[in-house]
Amino acid sequence: MNNILKKGYEWIRNNKIYISIYIFFFIFCILTPISGDDYMNYVRGQEGIMGILNWTKTFYLTWEGRIVSRLIILLFTAHKFLWNIITPLLYVLIFKSLLQINVFKNKYSYILLFLSIILLNVAMVAQSYTWLAGNITYFYPTALSIYYFSTLYKNMDNKTSVKRNIVLSILAIIIPMFTENIGCAFVFGNILFVMYLKYFKKSIKKNCIFTILSIIALVLMLISPGSANRAVEEGGFYSLDLLEKIEVTMNYTLIPFSLTRNTTMLILMLICGNIYITQKIKHKGILAIICVIYNIIPIFTILQNILNVNIAILNIFTKIQLFYWIIFCVIFILSIIENYKNDKKILLFNILLFMAAMSSIICMLVAWPWGDRIAILFVIIVSYISIGIIDKNVKINNLAEKLLEIFCILSVVWIIFSIFCAYKIDRYRIKYINEQKNADPKKIEVIYNPSRYLWLSNIDNEYFVDTYKKYQGIDEEAQLILKKLSLGISKVLSNSL
């Protein structure tokens, strides 16, 4: 008995970081209310396994080819406890998989990695973390892709077991069938990894099989009748010619989604760029001028994000911003090359990861950009690579490290508090609706949920009115009225709410 307790204690001590991450995200998931498309996903998921399979088939034929994500969405939304348990494991999986590629020297780097995962921009959190459909469609394949490639990298010099090859084969089939842009990135990453192995004169047979499986899976998703129908529905965009599509997506969506709205990643990339510039330019005068030119747009962009205000000076640079951000990314790539030039294995693998992640953005140049969620893979990969570069070059004192720890704790508290408030308002809304259904079922007031951490939680269009009625069991003929309340923090946290 003592040996069991001792082993248990040792396991907890050795895995305390992962356990802490799991607990944080488990609480986060429990407090996350259903919202947006998940109202209807919940209703459809209540039809049982056969109903879920039939709806998955229907979606494949009429709306989208995302068989895997749609199946999981319908199952997990109807049985949310499964999502609550499994999703935190994927956050742990990302953290653990990234640390298999590169072990950091400094404690602060682990804190930065955690912060880079939790401190995404609010829209990305709402679309990729708290919205179940968005989380499963975008975050799940991101986590599984990172695990997949880290496993390939870790075992490239060793023979992998039959069991592991089976797991990797299954992942090669299912990951491309979650969503299109991450599916394309996954296939491209597999092709690059075969070239990577060839460069180091390693066997490529099984990786060619993984690549072929992933290509077949991606093609099956892209050629689905549902994908064709969805393109017709979004016909206004798809009627544009190629250059018009690129202009729309590049200027108005892809740069904000992948770069300018992601403050944490932008700060990390900016630090890496400055490290590279100081490494290459030794003349103090020239260095000062280059640093001013390089930093001015990102610094004002970061301030604009943090203060949530429009900074007029950025309007001056509107016409050159596209050119600037391309140069910004080129400098980031050069910083990877400079800082890993003495280790070709990790250098080329980091470039592989960056190129695969970038392809998830580039392929959206000719597709309708659905929102910030399309950049989740890019943001996590780029943040991780940036932290690796910073870890190699930056030493901080104990005070700075303690301040970073305090900031991390405050960030965790703020996120849990914010999602708890959203949860409390949602519970009050449901309670208030049930009271009204008993009193006057033909006229129902629905409390407005102001939380920016929830995606489409309010009934602000006809589709959501109909789906919300079915989700709440409200009469189809009932009139729904969105009601805004003046809710102070004390009211939100009180037992009456």
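The basis for the numbers below is simple: all heavy atoms, side chains too, and nothing from hydrogens, waters or symmetry mates. Every value quoted in this text rests on a predicted model; they were computed, and no experiment measured them.
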With rounding to the nearest 0.5 angstrom, report the [atom1] to [atom2] distance, [X] to [Y].
{"X": "Ile72", "Y": "Trp83", "atom1": "CD1", "atom2": "CH2", "answer": "13.5 Å"}
{"X": "Thr56", "Y": "Phe59", "atom1": "OG1", "atom2": "CZ", "answer": "8.5 Å"}
{"X": "Met269", "Y": "Ile385", "atom1": "CE", "atom2": "CD1", "answer": "9.5 Å"}
{"X": "Met358", "Y": "Ile381", "atom1": "CE", "atom2": "CD1", "answer": "12.5 Å"}
{"X": "Phe114", "Y": "Leu119", "atom1": "CZ", "atom2": "CG", "answer": "8.5 Å"}
{"X": "Leu168", "Y": "Asn207", "atom1": "CG", "atom2": "CG", "answer": "8.5 Å"}

Does any part of the side chain of [Y], heavy atoms only, come nearer than 4.5 Å to the side chain of [X], both counted from C-beta?
{"X": "Thr260", "Y": "Trp325", "value": "yes"}
{"X": "Gln127", "Y": "Tyr138", "value": "no"}
{"X": "Thr32", "Y": "Tyr423", "value": "no"}
{"X": "Ser116", "Y": "Ile387", "value": "yes"}
{"X": "Asn350", "Y": "Tyr384", "value": "yes"}
{"X": "Leu213", "Y": "Asn190", "value": "no"}
{"X": "Cys272", "Y": "Ile390", "value": "yes"}
{"X": "Thr130", "Y": "Ile419", "value": "yes"}

Checking Thr87 against Tyr140: is there a side-chain donor and acceptor pair closer than 3.5 Å? yes
What I want to check is whether the side chains of Glu64 and Tyr60 have a donor and an acceptor closer together than 3.5 Å. no
Take Ser457 and Arg429 through the side chain to side chain contact (heavy atoms under 4.5 Å, CB included) test and state the conclusion after the steps. CA-CA 11 Å; Ser457 63; Arg429 176 159 70 178; 4.1 Å; yes
List the atom of [X], the atom of [Y], and the distance in Å for their closest heavy-atom pair.
{"X": "Phe188", "Y": "Met355", "value": "CE2-O, 3.8 Å"}
{"X": "Val122", "Y": "Tyr453", "value": "CG1-N, 4.3 Å"}
{"X": "Ile174", "Y": "Val68", "value": "O-CG2, 3.8 Å"}
{"X": "Asp372", "Y": "Met124", "value": "O-CE, 3.1 Å"}
{"X": "Phe210", "Y": "Ser169", "value": "CE2-OG, 3.2 Å"}
{"X": "Ile336", "Y": "Ile351", "value": "CG2-CG1, 4.2 Å"}

Is the [X]-[Y] ring centre distance short of 6.0 angstrom?
{"X": "Tyr148", "Y": "Phe186", "value": "yes"}
{"X": "Tyr91", "Y": "Tyr22", "value": "no"}
{"X": "Tyr196", "Y": "Phe193", "value": "yes"}
{"X": "Phe81", "Y": "Phe76", "value": "no"}
{"X": "Phe332", "Y": "Tyr276", "value": "no"}

Stepwise side chain to side chain contact (heavy atoms under 4.5 Å, CB included) check, Phe26 with Leu89: CA-CA 9 Å; Phe26 182 66; Leu89 290 174; over 6 Å; no
Flag, side chain of [X] to backbone of [Y], donor-acceptor distance under 3.5 Å:
{"X": "Ser97", "Y": "Ile94", "result": "no"}
{"X": "Asn262", "Y": "Met265", "result": "no"}
{"X": "Asp38", "Y": "Ile34", "result": "no"}
{"X": "Asn41", "Y": "Ala78", "result": "no"}
{"X": "Asn449", "Y": "Ala422", "result": "yes"}
{"X": "Asp426", "Y": "Pro33", "result": "no"}
{"X": "Ser224", "Y": "Gly65", "result": "yes"}
{"X": "Lys80", "Y": "Cys29", "result": "yes"}
{"X": "Ser150", "Y": "Tyr147", "result": "yes"}
{"X": "Asp391", "Y": "Asn106", "result": "yes"}

Would you say that more than 12 heavy atoms from the other residues, nucleotides or ligands in this model lie under 6.0 Å from the CZ of Phe200, or not?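 Correct, the count exceeds 12.
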Check whether more than 12 heavy atoms from other residues, nucleotides or ligands sit under 6.0 Å from atom NZ of Lys202, and answer yes or no. yes
For [X], all residues meeting salt bridge (charged side-chain N to carboxylate O under 4.0 Å, His left out), sequence neighbours excluded:
{"X": "Lys206", "value": "none"}
{"X": "Lys201", "value": "none"}
{"X": "Asp37", "value": "none"}

Before accepting this row, confirm whether a basic side-chain N of the pair Arg44/Glu47 lies closer than 4.0 Å to the acidic partner's carboxylate O.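 Salt bridge: no.
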So, Lys392 and Asp343, do they make that salt bridge, N to O below 4.0 Å? no
Is the [X] ring parallel, tilted or perpendicular to the [Y] ring (thresholds 30°, 60°)?
{"X": "Phe354", "Y": "Phe378", "answer": "tilted"}
{"X": "Phe95", "Y": "Tyr110", "answer": "tilted"}
{"X": "Tyr471", "Y": "Tyr42", "answer": "perpendicular"}

Does NZ or CZ of Lys345 fall inside the cone over Tyr340's six-membered ring, less than 6.0 Å from its centre and within 45° of the axis?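 Ring-cation test returns no.
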Quiz item: cation-pi between Lys470 and Tyr39, 6.0 Å / 45°: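 No, a cation-pi geometry is absent between Lys470 and Tyr39.
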Leu115 and Leu404: CA distance, side-chain angles, deciding distance, side chain to side chain contact (heavy atoms under 4.5 Å, CB included) verdict: CA-CA 10 Å; Leu115 288 172; Leu404 187 62; 4.0 Å; yes
Please determine which of Thr179, Leu377, Asn135 meets the side-chain contact (heavy atoms from CB on, under 4.5 Å) test together with Thr142. Leu377
Going through the checks in order, is the side chain to side chain donor-acceptor pair (under 3.5 Å) test met by Asn339 and Asn393? CA-CA 9 Å; Asn339 286 281; Asn393 291 277; 2.8 Å; yes
Could you check Leu120 against Ile376 for side chain to side chain contact (heavy atoms under 4.5 Å, CB included), going step by step and ending with a plain yes or no? CA-CA 9 Å; Leu120 305 179; Ile376 182 70; 3.6 Å; yes
